[in-house]
Structures are given as structure tokens and as C-alpha cells.
K.L.:
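Okay, here's the structure, questions in a sec.
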Amino acid sequence: MGERPSSSAEVLASGSERPGIGEQWHGLSRRVRRVVGCALAVVLLMALGSYAYAQRPDRPPPSPPGPPSPAKAVEMWSTGVGDLTAKGSGTFTLGFVANSSSKVTVERVRQTYGGIELDLYGDRPVRVPHERRVTVDARIVSCQGLPADARMPVVEFTVRNARGRQTFRFSPGERYAQALAATVRSACAREGRPVPAGR
């Protein structure tokens, strides 16, 4: 008996006549080849990006932001004008509250009137961790050095924190100015000094 010829299925199973990759690729439609090509390009780009990221030099993490400037870290408001005291001629107190978003020290207080001297009360500088009352001693040194109504609309505070030192100007407001004017007129009248004329 002669040998039975191999079937076409058996020839394909043996791989002797299976189409090659190139033939399979060209056998695909143009649309399928375009989709497959785009997918391969995306995979290649992702692989290259991952490799470049893995090879980058190590960089230290960014340092945390520091505290704001002293003048921006603190806010002030007035609590009023105190009564005349017996500590000295024409002496009274001014009350303020300082509220700080970071640790701040109040080093100095002043104003532009030559007739009144201001000084921080108690231990100096005044440390303000969050919110603290700041008492200021005010002394009238010359009634003649005061303007009419003896207003002090602006008070200057010098403050310091980790960023440095700054002086900022604070306006206590109209009620404060009226109370200050009345206290100054009363102090000058007690001393028999010329009283600043009101409006």
C-alpha cells in the first residue's frame, strides 16, 4: 500500500507552510494596522518615560515656607485709654491687644507727637505667641507740643520674628482719639499747663 498524502490541515499544523509575521501584518486591513501601530507607539513612549523618571537624580524635598513678614504676622486693636495715674506727672496708660499668626516680639512703640512719650509697660520685648494684651505707658512731657484735640491717630509698633524686624503703623480709631484728647486736656489742666484747644 502506498503512503497516504498529508491533508492540508496537517501541513498547517506542522508549521511548514504557516504565513509569516510579515504576511500576517500585510494581511490586516489598513485601519487595524493603524490602531495597532498607535497602541505600540503609546506603549513605547510610556516605557521610555518610566525609564527616564527612574534615572532622574534624587532631589531634596522643598523646604516648608517660613513665617510671614513681621508686619503681616501681627494685628493690633485698641482696648482704650486708661485713667491718669500717680506714677508720674501726666502719666496714663494705653491698652492694645496683639494677635499673631506666628511667634512675634513687640520691641518698641512710638508716635509722632513731641509732647507725648510712649514706652512698653513691663518686661520687654513683649512676646506674642498668639494673642496678648500690650500695655503702653504714655507720659505728657509738654502740653505745648500737642496739636489741637491732642489726637494720636497713628501709633507705630516695631515687631520682630524669624523673618526680621519691621515697623508698622496702626490707627486705633475715632473713639480712641476722643478718649486720648480728653485725658490729655485733663492732665494739662491738673498741671496748670496750657490746655490744647479743642475744636
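Quick caveat: nothing in here was measured; it's all calculated off a predicted structure.
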K.L.:
Is there a side-chain contact between Val155 and Pro172 (heavy atoms, below 4.5 Å)?
P.N.:
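In contact.
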K.L.:
With side chains defined as the heavy atoms from C-beta onward, is the minimum distance between Val136 and Thr93 less than 4.5 Å?
P.N.:
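SC-SC contact between Val136 and Thr93 ruled out.
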K.L.:
Taking Pro70 as the fixed residue, which of Asn161, Thr105, Val106 is the one that meets the side-chain contact (heavy atoms from CB on, under 4.5 Å) rule?
P.N.:
Asn161
K.L.:
Are the side chains of Asp137 and Thr85 in contact, using a 4.5 Å heavy-atom criterion?
P.N.:
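No, too far: nothing below the 4.5 Å cut-off.
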K.L.:
Quick check for you: to the nearest 0.5 Å, what is the distance between Lys72 atom NZ and Ser100 atom OG?
P.N.:
14.5 Å
K.L.:
Is the closest side-chain heavy-atom distance between Thr183 and Leu84 below 4.5 Å?
P.N.:
yes
K.L.:
Does Thr167 have any side chain to side chain donor-acceptor pair (under 3.5 Å) partners at least two apart in sequence or in another chain, and if so, which?
P.N.:
Thr158
K.L.:
Determine all donor-acceptor pairs shorter than 3.5 Å in which one atom belongs to a side chain in residues 126-133; sequence neighbours excluded.
P.N.:
unit_1, atom_1, unit_2, atom_2, d
Arg132, NH1, Arg127, O, 3.0
Arg133, NH1, Thr79, OG1, 3.0

K.L.:
Could you measure the distance from the OG atom of Ser142 to the CD atom of Glu117? Nearest 0.5 Å is fine.
P.N.:
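Ser142 OG to Glu117 CD: 10.5 Å, rounded to 0.5 Å.
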K.L.:
In sequence, state the C-alpha distance, the side-chain angles, and the governing distance for Leu94 and Val134, and then conclude on side-chain contact (heavy atoms from CB on, under 4.5 Å).
P.N.:
CA-CA 8 Å; Leu94 307 176; Val134 179; over 6 Å; no
K.L.:
When Ile, Leu, Val, Met, Phe, Trp and Tyr are grouped by side-chain heavy atoms lying under 4.5 Å apart, directly or through other members, which residues fall in the same group as Tyr121?
P.N.:
none
K.L.:
Between the side chain of Ser186 and the main-chain N/O of Ala182, is any donor-acceptor distance below 3.5 Å?
P.N.:
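Looks like no, no N/O pair under 3.5 Å.
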K.L.:
Side-chain contact, heavy-atom cut-off 4.5 Å: Ile116 with Gln111?
P.N.:
yes
K.L.:
Could you check if a side-chain atom of Tyr176 sits within less than 4.5 angstrom of a side-chain atom of Val81, using non-hydrogen atoms only?
P.N.:
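With C-beta onward as the side chain, the pair touches.
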K.L.:
Please enumerate all residues that pass side chain to side chain donor-acceptor pair (under 3.5 Å) together with Arg165, with sequence neighbours excluded.
P.N.:
Glu107
K.L.:
Just verifying a value: how many Å separate Arg185 CZ and Ile140 CD1, rounded to the nearest 0.5 Å?
P.N.:
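Nearest 0.5 Å value for the CZ-CD1 distance: 11.0 Å.
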K.L.:
Can you list the residues that meet the side chain to side chain donor-acceptor pair (under 3.5 Å) rule with Glu156, with sequence neighbours excluded?
P.N.:
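Arg110, Arg169.
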K.L.:
Work out which heavy atom in Val104 is nearest to a heavy atom in Ala73; give both atom names and the distance.
P.N.:
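Shortest heavy-atom contact: CG2-CB, 4.0 Å.
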K.L.:
Should Val74 and Phe168 count as side-chain neighbours, where that means a heavy-atom distance under 4.5 Å?
P.N.:
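Answer yes - side chains close enough.
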K.L.:
Which residues satisfy the salt bridge (Lys or Arg N to Asp or Glu O under 4.0 Å) test with Arg124, sequence neighbours excluded?
P.N.:
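With sequence neighbours excluded, Arg124 shows a salt bridge (Lys or Arg N to Asp or Glu O under 4.0 Å) to Asp119, given in chain and number order.
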K.L.:
Which label fits Phe96 and Phe157: parallel for a plane angle under 30°, tilted from 30 to 60°, or perpendicular past 60°?
P.N.:
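Rings of Phe96 and Phe157: perpendicular, as their planes differ by over 60°.
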